[in-house]
Asker: 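One structure is given below, represented as structure tokens, and several questions about it will come after.
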2 protein chains.
Amino acid sequence: MSGAARRFQRLHAELRARICLLDYPPGTLLSETALAQEFGTSRTPLRRVLARLEDEGLVESRHGVGTLVTDVEIGEMAQVYALRLELAQLAGTLDPLPVTPEMLDEVERFVGRGETLLAAPEPRGFAQLNMEYHSFGLSLTGNAALREMTERLYFRTARIWLKSIPHMDLADECAIFLSEMRETQTALRAGDTQAAALIRRAHISMSVRRMS
Amino acid sequence: MSGAARRFQRLHAELRARICLLDYPPGTLLSETALAQEFGTSRTPLRRVLARLEDEGLVESRHGVGTLVTDVEIGEMAQVYALRLELAQLAGTLDPLPVTPEMLDEVERFVGRGETLLAAPEPRGFAQLNMEYHSFGLSLTGNAALREMTERLYFRTARIWLKSIPHMDLADECAIFLSEMRETQTALRAGDTQAAALIRRAHISMSVRRMS
DNA sequence: ACAGCCCCAGTTGTGCACAAGTGGATAGCT
DNA sequence: AGCTATCCACTTGTGCACAACTGGGGCTGT
């Protein structure tokens with residue numbers, strides 16, 4: 001990958017994370033000039049990043065106005081969640097990968113971080129851990145297209161949990177998340193990728209119900 | 001939608017069609033300058049279109065070389081097809097839409113065009129009709145996310161049939177396609193969207209087997 | 001004759017200046 | 001005072017010039 005493409009990936013991931021962690025809450029007006037300055041480039045490469053974020057539905061550029069961070073409503077996202085459920089399950093049946101020792105190590109570390117989080121619950125840390133855990137979950141299937149679609153849809157809905165947390169019990173959420181990771185650990189230790197996928201589906205589904 | 005956005009959509013659809021109909025066969029070197037001239041703009045807006053086509057996997061830009069139309073192998077696309085099968089079926093269960101008289105009219109017209117095609121089989125006309133029929137198929141589900149993912153994956157694999165046709169029987173393919181549309185017509189007349197989705201899945205699956 | 005080097009035409013990537021457009025502040029009229 | 005029209009600071013969109021880079025053709029030295 002060339003230097004330009006790497007920079008693109010870096011800026012894209014960084015801005016996407018800022019949006020999904022609500023560093024840029026919905027409605028925020030992003031300035032191309034300011035962002036370009038911050039990242040040490042001109043507007044041109046940065047505009048390409050913003051164009052992709054717009055494709056992904058995270059921002060919306062309006063001529064003469066600015067680039068706004070889009071808002072997300074759980075209601076509008078019902079269809080996206082319905083599809084995410086199915087894709088999560090498909091990860092267990094479409095090109096499932098054998099469980100490796102490295103994967104078990106990784107999930108072990110996630111459980112450890114989940115325990116740390118449960119000891120000192122905090123929304124942003126939860127969201128960050130959830131994002132990384134999602135990324136790990138992609139490694140369970142060898143189907144690249146499925147990974148790509150799953151990721152696209154994840155980031156489109158990722159902000160909803162953080163927006164909903166004021167109406168929910170943070171400690172409960174952390175405990176449930178830790179529980180999901182432990183169940184997944186058990187499934188993976190048994191080498192049952194499909195079970196891990198079903199656990200994921202179940203927890204996404206329950207998460208939606210709690211947020212609604 | 002603003003004028004700039006409409007132009008973007010127009011150029012994007014046009015170039016995507018040219019690539020998928022093999023007007024630009026895999027390996028073709030596209031010139032930003034030449035395309036910009038043809039469409040009466042500067043390179044800047046056109047580059048945005050090419051960037052999106054690159055995201056979608058249809059072209060690949062190399063610094064100092066040019067923008068190449070990507071190649072597609074049925075083998076590499078096995079995973080994409082596997083996912084397309086599942087998504088096709090989901091169109092019948094995720095937010096299926098009630099069948100309207102307009103939809104029946106439309107499928108009737110498709111059957112008519114299929115009969116015309118069968119009378120004078122021709123690869124490009126087949127591919128064109130298939131593309132429009134796919135677009136019609138999207139209207140069976142109300143799930144926008146599913147439509148988006150289905151479309152993305154369709155265009156990623158659309159060229160494979162045209163590439164494979166020299167090794168296949170064109171008349172057979174036209175007959176099978178017409179048969180699919182007639183079966184779908186029957187299902188829709190019965191108001192059974194789910195059956196239509198299963199028919200679609202079955203025909204994608206069989207099409208893959210014939211091409212392999 | 002051949003190997004190695006360099007140069008150059010041509011391409012995409014970047015930066016900048018300006019065009020197009022928006023929305024609020026402000027001045028002016030009733 | 002209130003309403004309206006205009007202006008203006010600021011944004012994104014576009015066009016252009018140049019930088020960065022590639023691959024091949026040709027030249028040169030041996």
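Worth knowing before you read on, the calculation uses all heavy atoms, side chains too, and leaves out hydrogens, waters and symmetry mates. In the text below, chain A, chain B and the rest are named by the order of the sequence lines, each starting its count at 1.
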Asker: Can I get a per-line list of side-chain donor-acceptor pairs under 3.5 Å for residues 116-124 of chain B, giving both atom names and the distance, sequence neighbours left out?
Answerer:
{"from": "B:T116", "atom 1": "OG1", "to": "B:G112", "atom 2": "O", "distance (Å)": "3.1"}
{"from": "B:E122", "atom 1": "OE1", "to": "B:G125", "atom 2": "N", "distance (Å)": "3.3"}
{"from": "B:E122", "atom 1": "OE2", "to": "B:G125", "atom 2": "N", "distance (Å)": "3.3"}
{"from": "B:R124", "atom 1": "NH1", "to": "B:D23", "atom 2": "OD1", "distance (Å)": "2.5"}
{"from": "B:R124", "atom 1": "NH1", "to": "B:D23", "atom 2": "OD2", "distance (Å)": "2.9"}

Asker: Tell me, please, which residues at least two apart from A:T100 pass side-chain contact (heavy atoms from CB on, under 4.5 Å).
Answerer: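 With neighbours one apart ignored, the set is A:E102, A:M103.
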
Asker: Indicate for each nucleotide in nucleotides 9-17 of chain C, in 5' to 3' sequence, whether protein heavy atoms under 4.0 Å reach the base (B), only the sugar-phosphate (S), or nothing (-).
Answerer: -BBBBBBB-

Asker: Could you list the donor-acceptor pairs under 3.5 angstrom formed between side-chain atoms of residues 76-85 of chain B and any protein atom two or more places apart in sequence or on another chain?
Answerer:
{"from": "B:Q79", "atom 1": "OE1", "to": "A:A144", "atom 2": "N", "distance (Å)": "3.0"}
{"from": "B:Q79", "atom 1": "NE2", "to": "A:G142", "atom 2": "O", "distance (Å)": "2.8"}
{"from": "B:R84", "atom 1": "NH1", "to": "B:T157", "atom 2": "OG1", "distance (Å)": "2.9"}

Asker: Determine which pairs satisfy salt bridge (charged side-chain N to carboxylate O under 4.0 Å, His left out) with at least one residue from residues 138-153 of chain A, sequence neighbours left out, and list them in order.
Answerer: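 Listed by first then second residue: A:R16-A:E151, A:E148-B:R152, A:E148-B:R156, A:R152-B:E148.
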
Asker: With sequence neighbours excluded, what pairs up with A:S42 under the side-chain contact (heavy atoms from CB on, under 4.5 Å) test?
Answerer: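 For A:S42 the side-chain contact (heavy atoms from CB on, under 4.5 Å) partners, ignoring immediate neighbours, are A:T44, A:P45.
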
